[in-house]
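Here is the structure we will look at.
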Amino acid sequence: MYREVPPRIDDAAAMEEQIIAWWRDRDVFRRSLAQRADAPRWVFYEGPPTANGSPGTHHIEARVFKDVFPRHRTMKGHLVPRQAGWDCHGLPVELAVEKELGFTGKQDIEAFGVAEFNEKCRESVLRHVDQFAALTERMGYWVDMDSAYWTMDPRYVESVWWSLKQIFDKGLLAQDHRVSPYCPRCGTGLSDHEIAQGYEDVVDPSVYVRFPVAGGDLADRFPGLALLVWTTTPWTLVSNVAVAAQPAATYQVVRTGDETLLLAAERVADVLGDADWEVLAEVPGAELEYLPYQAPFDLVSVADAHFVIDGDYVTTDDGTGLVHIAPAFGADDLAAARGYGLPMVNPVGADGTFAADVPLVGGLFFKKADEPLIADLDLRGLLFRHEPYEHAYPHCWRCHTPLIYYAQPSWFIRTTARKDDLLAQNEDTHWFPPTTQWGRYGDWLRNNIDWALSRDRFWGTPLPIWRCPADHLTAVGSLAELSRAAGRDLSGLDPHRPFVDDVTIPCPDCGDTATRVPEVIDCWYDSGAMPFAQYGYPHTGEAEFTENYPADFICEAIDQTRGWFYTLMAVGTLVFDRSSYRNVLCLGHILDEEGRKMSKHLGNVLDPMQLMAEHGADSVRWFMLASGSPWQARRVGHQAIAEVWRKVLATYWSTVAFQVLYARAAQWEAGELTASDHVMDRWALSRAHHTVAAVDDLLERFDSQGAGRELASFIDDLSNWYVRRSRRRFWDGDPAALSTLHECLRLLTLAMAPVTPFITERVWQDLFAADGPESVHLADWPTVADSARDPGLEEQMALVRRLVDLGRTARGEAAIGTRQPLAEALVAAPGWSDLGPDLRALVAEELNCHRVESLAGSGDGLVEVSVKPNFRSLGRRYGNRTPEVARIIAETDPEDLVARLRSAAAEAELPGDVRIGPDDVIVTETPREGWAVASQDGATVALDLHLTPELLRLGTARQAIRVVQDARKSSGFDVSDRITLRWDAADPEVARAWEEHGGLIAAEVLATAVARGPGAGPGFTDKDDTFRVWVARA
RNA sequence: GGGCCUAUAGCUCAGCCUGGUUAGAGCGCUUCCCUGAUAAGGAAGAGGUCGAUGGUUCAAGUCCAUCUAGGCCCA
């Protein structure tokens, strides 16, 4: 027999905590893996969260999706290895520690000691990982945290080293220059994150400069022609090597005053303003390529330069559409200049001052050089215009020094050399949603630039390259290799700074002493290496890696397109010539109730642990999975989550509690499914199997929203139709009903287990564990029996429910409550004639009408027939004649038309050579008079409103039953308690109703005795006080 | 500036791929009904120029183009 269960779960969180403890005690997660040890694998990779702070609600989102699909696949018979991982390195961790220590820069860290600082970073990571672990367990995310990979583990670092050596050996890892914001005072580059904190409004000079054209066709045609170039950083003009033009834009040669200028057509009016000007010629931007010009300064020597190049990124929204290129001081500039083999000219030193030997500006701080340079341009007649320009410019957030975009040596992975391979790998990857593949992500790949790998920082995987004074480079792939190279045992070395920095090796090329280069690597490389590094491959874990590569499924939020989705694919392609994953689910972000991004700054952050404490993890999970589209940004709020419990999970539980209540009352024992011909049983089982099949299919396609819709709809059907309609059978302990609901709940519980693992576990324990696996999460996905499916019956039941709704509408309009029995209802609806007697009886009972008949059979003249064209079927056949055919149908006598369509021919020929069948029209039949009628979509229900005294007395009896039931409930009686019943009524008709139907009333309310006359106390009365009743336990 | 996503009821979201003539659900509001499991359920009402404009089509919330606004990512 079932265990007793409470009618309601008042504290979902407490229930879940018990389940968590139970899982832990029984080691259920590990066993769910163990029992699939030899099963085919469905590999999942956990993208490691950066443990630099407390987990937020967005972490739950991704982790719910990372959990539900592996659970589903596990039930389906796969082994789904799930190893947790923690991203330990990187600037975010360093910044968090710097903040804790009150540091303001690299100098502070160096003074503190790199070893000590890195130790603090390690501690910080450990601290935050604990919080993630707590969240993970609480939300029911099953992932193996005991064997979690940590990117700071020596074994992991060694594996990363090995892969970097592979890339180095392929010639794809090299040092080059990278333009990045740099603080000349602090002597360090700044990350994007830091720049964002330091924008300040400043006034810079905005100068328009003439670059005289130095040759070519245009120079011949327009002597004295000059390019007009706009810049807000005059100091970079010293390093000019080219001018970029937008190839797709149109440029004009314009005469103004006594000079001739070239600039973008769209800019002419803005730039020349009120001055008189005349367009002499138009030139497509693309034709300007290689047009030579005279450099604005000749202070440093630049060879093979100074011509116009194509610049796709050049805009004509401001400036002149001609952009001066100084590769040392702009990322776009550097990229564009590289394409033309142009040199990089950098006369500015690391301290931000011009080299001493540069004429005019030598020794000046870069910003201070603007003034003398502008004066010099003016003197030489090259300055066209000079005005102040106020704009936001990045400053160092620590010392407020203006940053300089500055080319610094940096290590790159030549991903551009493998771009075609990356695109090919992307071609073979399944993206959800599919648009990401060639949209956001594909676009990023097509515009791929080399991966700037190195960081001038402390807490990261050290770049394993040793360099000797002769610049010979040696890549090291493991501590063992390093030991061999160094000639001493370093197997126990912590492969972090500063310890690796102290290891020197003799250069294999020249024997001189090689020291490690100072950089650490981008922590995104660490996480991209997780498919092999989590096993320490190839130094250890060969078998695990081979079995688990590549992943079948990964899942993160959309911001990872340029993050983990990319690095995982890139590292896989670079090292193993294939991407590391096959299917990728890309989630939208979680927003607050106002649609804003959650941030500490706005104070709109929802603490995930608190959210689960309040609503339960199941409700939060359901919300994340099923409320809105996974790949769309969604708003999360308390109300929406509370609704999940109320509408879905509480209803599910309540159905379970109902089953338990009556099964226990009937001493019913679960066993084999009791075969039943009852139409409700057949329908419920069909719906259950339908739901299992649909949820299965939807989860296969990562459509958790669709799966939630199916589950919620079945829960509603079960609770508000099957149970409601079948109550009497449960009171009677009907084994077929109990067995059917048992089976429906079993199928539902299994299908819902991946989504809401807690409540389904609870239900499993209470109802099913005795006859099956100990845990629902050790159970197999249910097999769908085609024999149980009956789509025709499901359709017929849908019609029944539609007719019942129509009947209610009709009653509502006639203001006659459902409790009042009526003599007759007439129905007209497509499909009505196919309904069996049991389903018709169902309609009669729901409508509380003694008879339900077909409207068509009620005799001629009673019924009004109207016909509407069915455009969907007509349109298919008649195309542009459809409106005309619709008009012809409208002009046809509807009664005649319907008669013809219902004749044996089932077809009607209309004027204009129109031939229509029964599907081409929607027929609505309504009785003419004396009926309450409701119609919709060709279905009509008409209720006979004529109330006889007999019917009225029966209505009174129904009212009496209702009042007694209420009385029982408010007196706190148990549903099976027998009672004695007393009643009194002044109205003789009411009294007659009581006497006439006393037996019925007594049977319905479990009264052993019914007598007229007052009982003890005030008793209970109906709404209109037509009678009074007294109840007492028998 | 570029790319992508989104825009449907007061709010949260379906519907759009595959076009069909009173556009759906839930929450909230009003009225009523039903209730031996239910924090439930049902009916009706109020509440929609389906972001705008143009196009394709016999027919557009649905397909196409442009625009606007918001979001995300990147400059």
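First the proteins, then the strands, lettered A, B, ... as listed; each starts at 1.
- B:rA43 and B:rU8 are spaced 25 Å apart, taking the C1' atom of each and rounding to whole Å.
- For A:E643, there are no salt bridge (charged side-chain N to carboxylate O under 4.0 Å, His left out) partners, not counting sequence neighbours.
- Residue A:R958 contributes atom CZ, which lies 15 Å from atom P of B:rC33 at whole-angstrom precision.
- Taking the charged nitrogens against the carboxylate oxygens, A:R762 and A:D766 do have a contact shorter than 4.0 Å, which makes a salt bridge.
- Only the P atoms considered, B:rU56 is 15 Å distant from B:rA65, to the nearest whole Å.
- The same atom, C1', is picked in B:rG47 and in B:rG28; the two are 11 Å apart, to the nearest Å.
- With the nearest nucleotide of RNA chain B identified for both A:W645 and A:Q959, A:Q959 has the one nearer the 5' end.
- Applying the side-chain contact (heavy atoms from CB on, under 4.5 Å) rule to A:A1007 yields the partners A:I979, A:L981, A:A1002, A:V1005, A:V1010; only residues at least two apart in sequence or on another chain are considered.
- Look at A:R808 and you won't find any side-chain N or O under 4.0 angstrom from OP1 or OP2 of B:rA43.
- Ring geometry, A:F329 versus A:Y406: the interplanar angle falls from 30° to 60°, so the pair is classed tilted.
- A tilted orientation is assigned to the rings of A:Y441 and A:W431, their planes being inclined by 30° to 60°.
- A:R801 is linked by a side-chain hydrogen bond (donor to acceptor under 3.5 Å, both in side chains) to A:D717, counting only residues two or more places apart in sequence or in another chain.
- Nucleotides B:rC13 and B:rA7 place their C1' atoms 13 Å apart, quoted to the nearest Å.
- Residues satisfying the side-chain hydrogen bond (donor to acceptor under 3.5 Å, both in side chains) criterion with A:D450, sequence neighbours excluded, are A:R414, A:T416.
- Rounded to whole Å, the distance from OH on A:Y652 to P on B:rA37 is 20 Å.
- At the heavy-atom level, A:F730 lies nowhere under 4.0 Å from the strands shown.
- With both ends at atom P, the span from B:rA46 to B:rA52 equals 23 Å, rounded to whole Å.
- Counting any heavy atom pair closer than 4.0 Å across all strands shown, A:L874 reaches no nucleic acid atom.
- Going from the P atom of B:rC64 to that of B:rC17 covers 9 Å, rounded to whole Å.
- If you take CG of A:L649 and C1' of B:rA40, they are 14 Å apart, rounded to a whole angstrom.
- Residues A:L403 and A:P181 approach most closely at CD1-CB, 4.0 Å, considering heavy atoms.
- Residues A:V885 and A:L910 are not in side-chain contact: their nearest non-hydrogen atoms beyond the backbone lie 4.5 Å or more apart.
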**OP:** Let me have RNA chain B in dot-bracket notation, would you? Count Watson-Crick plus G-U wobble pairs, both distances under 3.5 Å, and use [ ] for pairs crossing earlier ones and | for inter-strand partners.
**Re:** (((((((..((((......[...)))).(((((.......))))).....(((((..]....)))))))))))).

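- Phosphate contact (OP1/OP2 of B:rA14, side-chain N/O of A:Q705, threshold under 4.0 Å): present.
- Between the side chain of A:T651 and the base of B:rA39, no donor-acceptor pair of N or O atoms lies under 3.5 Å.
- Between the C1' atoms of B:rG20 and B:rU62, the separation comes to 11 Å (whole Å).
- At whole-Å resolution of the value, CH2 in A:W622 and C1' in B:rC13 are 15 Å apart.
- If you check every strand for non-hydrogen atoms under 4.0 Å, A:V660 touches nothing.
- Legend: residues meeting side-chain contact (heavy atoms from CB on, under 4.5 Å) with A:P247, ordered by chain and number and at least two apart, are A:A286, A:D310, A:D312.
- Heavy atoms of A:R727 sit under 4.0 angstrom from at least one base atom.
- Judged as a salt bridge (charged side-chain N to carboxylate O under 4.0 Å, His left out), and not counting sequence neighbours, the contacts of A:E884 are A:R881.
- Shown here are the salt bridge (charged side-chain N to carboxylate O under 4.0 Å, His left out) partners of A:R978, two or more places apart in sequence or in another chain: there are none.
- Of the charged side-chain nitrogens involved, at least one lies within less than 4.0 Å of a carboxylate oxygen, so that A:R808 and A:D805 count as a salt-bridged pair.
- A:S719 comes within 4.0 angstrom of a base, heavy atoms only.
- Near RNA chain B, meaning a heavy atom under 4.0 Å away, the residues from residues 4-15 of chain A are A:R8, A:I9, A:D10.
- Under the salt bridge (charged side-chain N to carboxylate O under 4.0 Å, His left out) criterion, A:R727 pairs with no residue at all, not counting sequence neighbours.
- Residue A:R819 places at least one side-chain N or O under 4.0 Å from the OP1 or OP2 atom of B:rC34.
- Residue contacts shown for A:R811 are absent, as no nucleic acid heavy atom lies under 4.0 Å away.
- For A:H742 and A:W668, the gap between ring centers is short of 6.0 Å.
- RNA chain B is contacted by both A:R724 and A:Q820; A:Q820 maps to the nucleotide lying nearer its 5′ end (nearest heavy atom per residue).
- For the pair A:I641 CD1 and B:rC13 P, the computed distance is 12 Å after rounding to whole Å.
- One atom, NZ of A:K868, and another, C1' of B:rG20, lie 12 Å apart when rounded to the nearest Å.
- Ring centroid separation for the pair A:W645 and A:Y652 does not come in under the 6.0 Å cut-off.
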Restricting to nitrogen or oxygen on both sides, can you table the protein-nucleotides 23-27 of chain B pairs closer than 3.5 Å?
{"from": "B:rG26", "atom 1": "O3'", "to": "A:K647", "atom 2": "NZ", "distance (Å)": "3.2"}
{"from": "B:rG26", "atom 1": "O2'", "to": "A:E643", "atom 2": "OE2", "distance (Å)": "2.3"}
{"from": "B:rC27", "atom 1": "OP1", "to": "A:K647", "atom 2": "NZ", "distance (Å)": "3.3"}
{"from": "B:rC27", "atom 1": "O4'", "to": "A:E643", "atom 2": "OE1", "distance (Å)": "3.4"}
{"from": "B:rC27", "atom 1": "O2'", "to": "A:Q639", "atom 2": "NE2", "distance (Å)": "3.0"}

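- As rounded to whole Å, 19 Å separates atom P of B:rC73 from atom OH of A:Y566.
- Atoms CG (A:D805) and C1' (B:rC32) sit 15 Å apart, rounded to a whole Å.
- Remark: A:R701 CZ is packed, more than 12 non-hydrogen atoms of other residues, nucleotides or ligands lying under 6.0 Å away.
- Remark: the separation of the C1' atoms in B:rA23 and B:rU49 is 13 Å, to the nearest Å.
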Review item, nucleotides 57-60 of chain B N/O atoms under 3.5 Å of protein N/O:
{"from": "B:rC58", "atom 1": "N1", "to": "A:G879", "atom 2": "O", "distance (Å)": "3.4"}
{"from": "B:rC58", "atom 1": "N3", "to": "A:G879", "atom 2": "O", "distance (Å)": "3.4"}

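- Base engagement by A:E1004 is indicated by at least one non-hydrogen atom pair under 4.0 Å involving a base atom.
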